[in-house]
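Here the structure comes first, spelled out in structure tokens, and everything after it is commentary.
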Amino acid sequence: MGKKIIYPIEIVAGTADLIVIGKIIQVNKTTYNFRIEETIKGQRKEMILVNQHIDWECDTRQSKYASGQRLFLFLSKGKKVWTLINGTTGEIPIINGELTLMDEEYKHIKYKYNPYKLSLVEFRDGMIGFTNCFKFKGEYDELSFEKETFIQLCNDRKAAIFLKTSKFTVWLHKKIKNYIIERK
């Protein structure tokens, strides 16, 4: 059995072309129509078409696609259809106003999963602040031993304030310290 390499949420957010909150309106054979309630990052749209995640041994959805499911999506742009970043990592269900992140720690060959549950509001606000202050630079290579780079888009004062606004942003701040940060 293989193990999915879960991209860290800061990489998923930093590489996304579009980050949105919304609801599945119609499920098609390989895609779904998604009505956007709120755009966190990227160009505002009302409705988009998203490629369905195809389950595989190490990355399966918790439930089947169905109309009415609320999701927080991290997407990369295609010609007409948007694609999830890192499989189910880019498609986080919103259940009772909360979502769960699967943070993965690497301990040589053993994997340790640390689920991190938080409110939609705290996560949304954290993602808005994060994407306004940081942008990922280059291509992400999960197998590289090189430090990845983020570009800091806001001034140091704004970054410091943002990174201390909630438990989630404090957690993100600890994670972002593991990267090279270039000032714009």
Side-chain angles (χ1 to χ4, degrees), residues 3-22 36-44 59 62 70-77 84-184:
K3 299 262 186 208
K4 175 185 176 186
I5 296 175
I6 298 175
Y7 290 12
I9 196 64
E10 63 276 12
I11 297 293
V12 174
T15 59
D17 296 314
L18 185 66
I19 302 174
V20 294
I21 299 168
I36 296 172
E37 299 167 4
E38 186 173 353
T39 301
I40 307 303
K41 177 183 177 184
Q43 186 178 359
R44 295 183 192 272
D59 193 14
Q62 298 298 316
R70 281 191 80 212
L71 301 168
F72 200 110
L73 299 179
F74 297 85
L75 303 161
S76 62
K77 190 175 185 176
L84 301 167
I85 295 179
N86 194 227
T88 58
T89 309
E91 184 184 66
I92 305 172
I94 301 167
I95 301 168
N96 298 324
E98 293 185 323
L99 45 81
T100 302
L101 301 178
M102 289 305 294
D103 184 44
E104 184 173 2
E105 293 181 8
Y106 301 95
K107 304 288 185 192
H108 302 287
I109 297 179
K110 296 179 183 176
Y111 289 82
K112 179 180 177 185
Y113 292 95
N114 295 313
Y116 182 50
K117 187 176 254 187
L118 67 162
S119 78
L120 171 61
V121 172
E122 183 178 1
F123 185 69
R124 180 201 65 208
D125 292 351
M127 283 292 108
I128 290 169
F130 183 79
T131 58
N132 285 331
C133 277
F134 298 98
K135 178 181 179 181
F136 187 74
K137 179 181 177 181
E139 297 288 320
Y140 180 62
D141 180 1
E142 68 274 4
L143 300 176
S144 171
F145 292 102
E146 300 293 319
K147 275 194 166 186
E148 305 291 350
T149 302
F150 279 87
I151 298 170
Q152 184 176 312
L153 304 171
C154 60
N155 63 40
D156 288 343
R157 185 176 170 274
K158 282 185 180 178
I161 291 168
F162 154 70
L163 292 167
K164 295 178 183 173
T165 57
S166 70
K167 288 181 182 179
F168 175 63
T169 60
V170 168
W171 180 77
L172 264 180
H173 185 232
K174 288 178 189 171
K175 292 174 67 87
I176 201 81
K177 286 181 179 180
N178 295 319
Y179 301 95
I180 296 167
I181 305 294
E182 291 180 1
R183 300 315 190 264
K184 184 175 176 186

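Quick note: residue numbers are just sequence positions, from 1.
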Counting only N and O atoms by type, is there a donor-acceptor contact under 3.5 Å from the side chain of Lys41 to the main-chain atoms of Ala13? yes

Walk me through it: do Ile94 and Leu71 pass the test side-chain contact (heavy atoms from CB on, under 4.5 Å)? CA-CA 5 Å; Ile94 301 167; Leu71 301 168; 5.7 Å; no

Are the side chains of Ile181 and Ile176 in touch, meaning some heavy atoms are under 4.5 Å apart? yes

For a 4.5 angstrom cut-off between non-hydrogen side-chain atoms, does Leu118 reach Leu99? yes

Any side-chain heavy-atom pair from Glu38 and Ile128 closer than 4.5 angstrom? yes

Roughly how far, to the nearest 0.5 Å, is the OG atom of Ser166 from the CH2 atom of Trp171? 11.0 Å

Check: Phe130 and Glu10 side chains under 4.5 Å, non-hydrogen atoms: yes

List the atom of Ile19, the atom of Thr131, and the distance in Å for their closest heavy-atom pair. CD1-CG2, 3.8 Å

Output, in order, the C-alpha distance, side-chain angles, deciding distance and verdict of side-chain contact (heavy atoms from CB on, under 4.5 Å) for Thr15 and Ile85. CA-CA 8 Å; Thr15 59; Ile85 295 179; 3.8 Å; yes

Please find the pair of heavy atoms, one from Cys133 and one from Ala159, that lie closest to each other, and give the distance. SG-CA, 4.1 Å

Do Leu163 and Val170 come close enough that some side-chain heavy atom pair is under 4.5 Å? no

One thing to verify: whether Lys137 and Glu148 come together as a salt bridge, which I'm taking to mean a side-chain N less than 4.0 angstrom from a carboxylate O. no

Gln43 and Leu18: which non-hydrogen atoms are nearest, and at how many Å? O-CD1, 3.5 Å

When you check the gap from the basic side-chain N to the acidic O, do Glu122 and Lys167 get nearer than 4.0 Å? no

Between Phe72 and Phe74, ring centroids under 6.0 Å: yes

Can you tell me how far CD1 of Ile21 sits from CD of Glu37, rounded to the nearest 0.5 angstrom? 7.5 Å

Do Ile11 and Phe136 make a side-chain contact, defined as non-hydrogen atoms from C-beta onward lying under 4.5 Å apart? yes

Find the distance between CG (Asn132) and CG (Leu153) and round it off to the nearest 0.5 Å. 8.0 Å

Heavy atoms only: give me the nearest Ile40-Arg124 pair and the separation to one decimal. CD1-CG, 3.4 Å

Between Leu120 and Arg70, the two heavy atoms sitting closest are CD2-NH2, 3.8 Å

One should read off an interatomic distance between Lys147 NZ and Tyr179 OH, to the nearest 0.5 angstrom, of 10.0 Å

Ignoring hydrogens, what is the shortest heavy-atom contact between Met127 and Ile9? Give both atom names and the distance. CE-CG1, 4.4 Å

With a 4.5 Å limit on heavy-atom distance, are the side chains of Phe134 and Gln152 in contact? yes

CG on Asp125 to CZ on Phe123, rounded to 0.5 Å: 11.0 Å

Taking atom CG of Asn96 as the centre, report whether more than 12 heavy atoms of other residues, nucleotides or ligands fall under 6.0 Å from it. no

Just how far is it from atom CG of Asp156 to atom CD1 of Ile161, taken to the nearest 0.5 Å? 11.0 Å

For the pair Asn155 (side chain) and Lys158 (backbone), establish whether a donor and an acceptor sit closer than 3.5 Å, ignoring hydrogens and angles. yes

Is the shortest side-chain heavy-atom distance between Arg183 and Ile151 below 4.5 Å? no

Sub-3.5 Å donor-acceptor pair from the side chain of Thr169 to the main-chain atoms of Phe162, do we have one? yes

